[in-house]
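First the structure, in the form of structure tokens, and then the observations on it.
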Amino acid sequence: MRWRLHRFTLTKDVPLTISRGTTAAVEHLLLELESGGCSGWGETGGFDTGQRHVTTSALEAELRQWLPALEGLELPAPAAWPALLAPLSAPARCAVDLALHDCWGQKLGHPLWRLWGLDRSSCRSTSVTLGLSSIDQMHQRLARWRSRLPATRVKLKLGSPDGLDHDRSLVEALVPQLQGAELQVDANGGWSLEGAQQMVPWLAERGVVLVEQPLAAADGDEQGFAALQGLAPIPLVADESCWGVEDLLRLAPHVQGVNLKLLKTGGLSEAWLMARLARRLGLQLMLGCYSDSALLNGAAAQLLPLVEWPDLDSHLNLADDPFCGPLLEGDLLQPGPGAGLGVSRC
Ligand SMILES: [Mg+2]
């Protein structure tokens with residue numbers, strides 16, 4: 001296999017603020033693998049979950065050191081990928097895992113969702129994200145989303161540094177504007193346990209359909225989720241707390257859902273395993289993103305038929321996305337029909 005690694009810039013149409021700060025643009029890495037006449041693509045980039053911080057520069061250095069191991073190899077069978085990629089960190093592994101999946105699917109001539117036996121007609125609408133802001137800015141952001149898609153699922157970022165009163169004021173101002181849309185809330189770990197114990201029942205009374213990552217991720221954080229169970233009939237979803245299969249098993253008794261992101265899982269191999277395991281454990285799935293392009297989201301979209309709460313809107317908020325991937329009809333997101341990841345250059 002031959003490889004090339006490039007940096008590219010992704011600029012947001014509207015900068016996104018969450019409890020940990022604001023993102024306006026990021027640099028990501030495109031990995032191209034060539035083997036036997038087909039070219040597979042993968043993407044990775046730095047991100048910060050509060051508990052873990054990864055830079056694009058560190059990922060680039062890690063990949064440039066490791067990628068020569070692929071030179072002289074033919075495309076290995078999928079069963080050999082976990083051992084081959086084991087030395088890599090999860091986000092570095094993501095780029096290679098996606099490029100291998102892309103090559104594999106192209107060689108077989110089918111998209112991954114079809115090779116996995118999934119039914120594309122069971123995909124659901126994606127949520128669109130409203131960042132932490134003032135009430136006026138929140139209303140403007142919702143109007144902007146509505147100018148391009150129906151926005152039947154809205155995800156509001158909470159955990160404001162200005163405190164719970166600001167969080168409550170955002171929800172109070174948004175609920176009358178929903179026009180029947182579903183409201184999800186993501187605190188990004190910005191609440192204390194006491195604050196979360198107040199907020200979860202309060203949000204349930206206002207019709208919010210799920211609360212994501214109420215408490216900061218930490219060792220033993222399943223105890224925090226456990227302390228919030230039974231306060232209200234509202235699903236709790238782990239995001240920053242859940243990276244791989246071990247986290248999923250640890251959290252499963254104490255949450256109703258998990259948010260899978262390919263940069264956390266290290267690509268599709270682990271995410272596909274986690275998605276099937278989560279369903280067997282009776283958990284519901286969210287499928288999320290960081291500041292990712294349509295390449296990473298097109299790869300994630302291969303799992304959409306298994307997902308209750310798709311949350312793949314980052315590529316819909318980019319001014320300079322080089323890629324076209326998932327299909328969007330209204331706010332229904334589906335994996336593309338093309339072989340492999342189904343992603344092309346725009
Ligand atoms: Mg989240």
Side-chain angles (χ1 to χ4, degrees), residues 12 14-23 26 45-54 90-91 94 124-133 138 141 145 153-161 167 170-171 174 182-191 195-196 199-200 203 208-218 221-222 224-225 228 234-244 247-248 251 254-265 271 274-275 278 283-292 296-297 300-301 303-304 307-317 333:
K12 289 187 184 295
V14 179
L16 176 66
T17 299
I18 68 169
S19 64
R20 290 186 294 272
T22 299
T23 305
V26 297
F47 61 100
D48 183 0
T49 68
Q51 189 190 28
R52 304 189 205 190
H53 178 61
V54 186
C94 177
R124 295 162 178 256
S125 296
T126 186
S127 53
V128 294
T129 303
L130 308 180
L132 268 176
S133 64
M138 176 184 70
R141 186 69 185 100
W145 278 121
R153 291 177 138 176
V154 175
K155 172 161 148 174
L156 178 63
K157 294 289 192 178
L158 294 182
S160 169
D167 283 358
L170 291 173
V171 175
L174 181 58
E182 179 181 299
L183 178 58
Q184 308 172 3
V185 158
D186 185 359
N188 285 112
W191 293 333
M199 288 300 288
V200 167
L203 292 166
V208 171
V209 301
L210 68 86
V211 177
E212 194 184 336
Q213 198 67 38
L215 306 172
D221 52 11
E222 66 273 16
F225 281 103
L228 297 174
I234 185 169
L236 301 180
V237 177
D239 177 2
E240 288 90 335
S241 293
C242 186
W243 283 58
D247 290 324
L248 177 56
L251 291 159
H254 311 294
V255 300
Q256 282 68 49
V258 290
N259 187 344
L260 303 183
K261 295 176 180 170
L262 298 186
L263 289 176
K264 290 189 302 177
T265 65
M274 291 174 73
L283 299 180
Q284 292 185 298
L285 285 171
M286 179 177 272
L287 185 63
C289 50
Y290 292 103
S291 298
D292 307 330
L296 242 167
N297 285 353
L303 293 164
L304 280 173
V307 174
E308 173 73 25
W309 300 302
D311 182 30
L312 293 178
D313 62 340
S314 60
H315 69 292
L316 304 176
N317 182 34
L333 205 59

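Here the structure is a predicted model, which is why all the values come from computation and not from measurement. In listed order, ligands and their atoms are each counted from 1. Along the sequence shown, residues are numbered consecutively beginning with 1.
We find that Glu240 and Arg20 are joined by a salt bridge, their nearest charged nitrogen and carboxylate oxygen being less than 4.0 Å apart.
Restricting Asp186 to its N/O/S atoms, the shortest distance to the Mg ion (ligand 1) is reached by OD2. For Asp239, the N/O/S atom at the shortest distance from the Mg ion (ligand 1) is named OD2. Of all the N, O or S atoms in Glu212, the one closest to the Mg ion (ligand 1) is OE2.
The minimum heavy-atom distance between Cys94 and Leu263, with the atom names listed, is SG-CD2, 3.9 Å. Listed here is the closest heavy atom pair of Leu316 and Leu312: CD1-O, 4.4 Å.
Residue Lys264 is tested with Asp239, Asp247, Asn259, Thr49 for a side chain to side chain donor-acceptor pair (under 3.5 Å); the sole match is Asp239.
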